[in-house]
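Source: prediction; values computed, not measured. Start at 1 and go down the list; that is how both ligands and their atoms are numbered.
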Amino acid sequence: RSLFRPIHHAAPPSPTKRRTKISVVGAGNVGMAIAQTILTQDLADELALVDAKPDLLRGEMLDLQHAAAFLPRTRILASTDYAVTADSDLCIVTAGARQVPGETRLDLLHRNVALFRLIVPPLARHSPAALLLVVSNPVDVLTYIAWKLSGFPPNRVIGSGTNLDSSRFRFLLADHLEVNAQDVQAYMVGEHGDSSVALWSSISVGGVPVLGQLASDDNKAAVVMEQEVLERIRKAVVDSAYEVIRLKGYTSWAIGYSVASLARSLLRDQHRIHPVSLLAAGFYGIPRDRQVFLSLPAQIGRSGILTVANLHLTDEEAACLQRSAETLWELQQKLEL
Ligand SMILES: NC(=O)c1ccc[n+]([C@@H]2O[C@H](COP(=O)([O-])OP(=O)(O)OC[C@H]3O[C@@H](n4cnc5c(N)ncnc54)[C@H](O)[C@@H]3O)[C@@H](O)[C@H]2O)c1
Ligand SMILES: O=C1N[C@](c2ccsc2)(c2cccc(Nc3ccc(F)cc3)n2)CC(O)=C1Sc1ccccc1Cl
């Protein structure tokens with residue numbers, strides 16, 4: 001007998017209410033940080049975990065299920081079989097081989113392309129209408145690979161790109177300016193990682209542009225100082241990634257929160273602007289035949305990439321983007337898909 005009696009013959013739950021399902025492939029440091037944040041922020045009705053290690057997978061699933069008393073009700077599933085991801089609204093791919101010391105990025109890329117051949121086709125088959133969000137590195141090329149292997153339209157295949165780079169940039173700027181990082185708007189664009197490009201003109205705090213505010217035009221020394229400060233902060237974005245790896249061996253919390261913020265904007269159709277890796281051919285002087293994924297500030301929502309920001313780039317910024325596009329294009333030519 002039920003422990004609780006209905007107050008009256010309640011109508012069955014509406015069959016049309018859309019349950020939101022997120023699948024996370026890769027139950028490692030990044031995947032579980034993302035999963036934990038999805039649960040805490042109540043972003044899904046169902047969360048499916050996939051990994052190649054069955055014991056790790058079951059252990060992580062049970063450990064998350066045991067937190068149910070403290071979390072919004074979410075059905076948590078896990079399997080090495082991709083059928084568990086069926087009818088997902090969003091599939092987040094964090095699975096990947098780790099870069100081993102001395103390994104070239106091309107070698108790592110080849111290993112991760114081989115993994116993506118095993119991961120992306122079943123994901124796409126089980127969830128043909130899903131959004132794909134790639135986090136695995138090298139994220140820009142792997143997002144291109146996921147696009148090609150999925151057969152999805154490019155608006156539904158997104159890479160986390162410079163979303164993490166930009167969040168570190170915002171933290172460092174906020175720390176320097178002694179303001180809240182949520183009030184700092186600043187974008188890094190282009191290739192994720194060492195070669196990302198800081199859009200100086202995009203930096204504003206509470207709507208006030210920073211460039212020129214740290215120094216007045218008629219004070220050349222202050223202008224030079226300002227440029228030195230901003231360049232130091234841009235360099236610290238890269239150095240901080242290496243420092244975290246040196247200290248704890250991986251990164252998880254910042255990427256977890258940054259990917260969860262993308263998931264919220266996508267699934268709650270927020271139309272918010274995020275720097276994400278998207279099919280950049282035709283933008284900012286990148287030739288239309290260069291099918292490469294690079295990060296640009298884009299509006300995202302339930303159908304994925306909605307619009308791309310029409311930025312006023314300096315010649316140098318545009319040249320950096322075009323150089324990155326050529327680098328990625330040449331790398332992609334070396335891959336047999
Ligand atoms: N884009 C970014 O900003 C960013 C930031 C941090 C990490 N990363 C990347 O995220 C990826 C994951 O990092 P991590 O620290 O979680 O690594 P990890 O080794 O802890 O986790 C990777 C997981 O993938 C699983 N896996 C491997 N092959 C698989 C397959 N065929 N199917 C399903 N699962 C499989 C492994 O079993 C492992 O559990 C790496 O590529 C890393 O470089 C990207
Ligand atoms: O915070 C990180 N951690 C990683 C990491 C996580 C687990 S092991 C390494 C990291 C940290 C430092 C370097 C680095 N290099 C790298 C480049 C290409 C690859 F395919 C794989 C790794 N990767 C993965 C990664 O992309 C990041 S963001 C990042 C990296 C370098 C420069 C700037 C940023 Cl914002």
Check whether any side-chain N or O of Ser127 sits under 3.5 Å from a backbone N or O of Leu90 as a donor-acceptor pair, and report yes or no.
no
Could you list which atoms of ligand 1 come closer than 4.0 Å to a heavy atom of Asn29?
14 (P), 15 (O), 16 (O), 20 (O)
Heavy-atom nearest neighbour in the protein, as seen from atom 33 (C) of ligand 1, with distance rounded to 0.1 Å:
Ala52 N, 3.5 Å
For a 4.5 angstrom cut-off between non-hydrogen side-chain atoms, does Asp81 reach Val84?
no
With a 4.0 Å cut-off on heavy atoms, is Asp194 in contact with ligand 2?
yes
closest protein heavy atom to atom 22 (C) of ligand 1 is Gly96 O, 3.8 Å
Under-4.0 Å protein heavy-atom contact, atom 14 (C) of ligand 2
no
Tell me, yes or no, whether the heavy-atom count around Gln333 atom CD, taken from other residues, nucleotides or ligands under 6.0 Å, exceeds 12.
yes
Shortest protein contact, atom 30 (C) of ligand 2 (heavy atom only):
Ala241 CB, 3.7 Å
Counting only heavy atoms, which portion of Asp165 has something under 4.0 Å from ligand 2: side chain, backbone, both, or neither?
both
Please write down residue, atom name and distance for the protein heavy atom closest to atom 25 (C) of ligand 2.
Asn137 ND2, 3.4 Å
Ligand 1 contact on Ile255 by region, counting heavy-atom pairs under 4.0 Å
side chain
Report yes or no: does a heavy atom of Met188 sit under 4.0 Å from some atom of ligand 2?
no
Check: Leu311 main-chain N/O paired with Tyr284 side-chain donor or acceptor under 3.5 Å:
yes
List every atom of ligand 1 that sits less than 4.0 Å from any heavy atom of Leu115, numbering the atoms from 1 in the order shown and giving each element.
28 (N), 31 (N)
So is there a nitrogen or oxygen of Thr251 less than 3.5 Å from a nitrogen or oxygen in ligand 2?
yes
Thr143 side chain reached by Ile158 side chain, heavy atoms, under 4.5 Å
no
Within ligand 2, which atoms have a heavy atom of Tyr242 less than 4.0 Å away?
13 (C)
Decide whether an N or O pair under 3.5 Å exists between Arg168 and ligand 2.
yes
Please could you name the atoms of ligand 1 that Thr94 approaches to less than 4.0 Å, counting only its heavy atoms?
11 (C), 12 (C)
Protein residue, atom and distance nearest to atom 27 (C) of ligand 2, heavy-atom basis
His192 NE2, 4.1 Å
Number the atoms of ligand 1 from 1 as they appear, then name those within less than 4.0 Å of a heavy atom of Leu56, with their elements.
39 (O)
Are the side chain of Ser196 and the backbone N or O of Gly190 linked by a donor-acceptor pair below 3.5 Å?
no
Think Arg168 forms a cation-pi with Phe171, using NZ or CZ under 6.0 Å from the six-ring centre and within 45 degrees of its axis?
no
Return the residue, atom name and 0.1 Å-rounded distance of the protein heavy atom closest to atom 7 (C) of ligand 1.
Val30 CG2, 3.6 Å
Do Leu142 and Asn137 touch side chain to side chain, with heavy atoms closer than 4.5 Å?
no
Atom 42 (C) of ligand 1 [closest protein heavy-atom partner, distance rounded to 0.1 Å]:
Asn137 ND2, 3.9 Å
Kindly say whether Pro72 contributes a backbone atom to a donor-acceptor pair with the side chain of Asp42 at under 3.5 angstrom?
no
Is it true that a side-chain atom of Asn155 and a backbone atom of Ile305 form a donor plus acceptor pair closer than 3.5 Å?
no
With heavy-atom distances below 4.0 Å as the criterion, list the atoms of ligand 1 near His192.
1 (N), 2 (C), 3 (O)
Just need the protein heavy atom nearest to atom 18 (P) of ligand 1, so name the residue and atom and give the distance.
Arg98 NH1, 3.8 Å
Heavy-atom nearest neighbour of atom 24 (O) of ligand 1 within options Ala97, Ala95, Pro138, Pro122:
Ala95
I'd like to know if the side chain of His66 and the backbone of Leu62 have a donor-acceptor N/O pair within less than 3.5 Å.
yes
Note: ligand 2 atoms sitting under 4.0 Å from heavy atoms of Leu108 are 19 (C), 20 (F), 21 (C)
Quick test of your reading of the model: are Arg290 and Glu330 salt-bridged, counting only N-O distances below 4.0 Å?
no
If you have a sec, work out which protein heavy atom is nearest atom 30 (C) of ligand 1 and how many Å separate them, to one decimal?
Ile119 CD1, 3.8 Å
Is the gap between the ring centers of Trp147 and Phe152 under 6.0 Å?
no
Return yes or no for this condition: an N or O of Tyr250 is under 3.5 Å from an N or O of ligand 2.
no
Sidechain-backbone polar pair: Asn29 side chain, Ser252 backbone, donor-acceptor under 3.5 Å:
no
Check whether any side-chain heavy atom of Val141 lies under 4.5 Å from a side-chain heavy atom of Leu335, and answer yes or no.
yes
Tell me: protein heavy atom nearest atom 1 (N) of ligand 1, and distance?
Val135 O, 3.1 Å
Looking only at protein heavy atoms, which one is nearest to atom 23 (C) of ligand 1, and what is the separation?
Asp51 OD2, 3.7 Å
Any idea which atoms of ligand 1 are less than 4.0 Å away from a heavy-atom of Thr251?
6 (C)
Does the side chain of Val157 reach to within under 4.5 Å of the side chain of Ser150, using non-hydrogen atoms?
yes
At under 4.0 Å between heavy atoms, which part of Tyr82 makes contact with ligand 1: side chain, backbone, both or neither?
side chain
Backbone N or O of Leu49 within a donor-acceptor pair of the Glu60 side chain at under 3.5 Å?
no
Considering all protein heavy atoms, does one lie under 4.0 Å from atom 23 (N) of ligand 2?
no
Ligand 1 versus Asn163, non-hydrogen atoms closer than 4.0 Å: side chain, backbone, both, neither?
neither
Among all protein heavy atoms, pick out the one at the shortest distance from atom 16 (C) of ligand 2; state its residue, atom name and that distance to 0.1 Å.
Gln99 OE1, 3.6 Å
With heavy atoms under 4.0 Å as the rule, classify the contact between Asn112 and ligand 1 as side chain, backbone, both or neither.
neither
With respect to His192, which candidate in Asp165, Thr162, Asn163 satisfies the side chain to side chain donor-acceptor pair (under 3.5 Å) definition?
Asp165
If you count every heavy atom of other residues, nucleotides or ligands that lies below 6.0 Å from Asp194 atom CG, does the total exceed 12?
yes
For atom 7 (C) of ligand 2, the protein heavy atom that lies nearest, with its residue and separation:
Ile245 CD1, 3.8 Å
Side chain, backbone, both or neither: Ser160 near ligand 1, heavy atoms under 4.0 Å
side chain
Which atoms of ligand 1 sit under 4.0 Å from any heavy atom of Leu164?
3 (O), 5 (C)
Are any of the side-chain heavy atoms of Ile119 and Tyr82 separated by less than 4.5 Å?
yes
Contacting atoms of ligand 2, where contact means under 4.0 angstrom from a heavy atom of Pro138:
20 (F)
Sub-3.5 Å donor-acceptor pair from the side chain of Thr94 to the main-chain atoms of Val25, do we have one?
yes
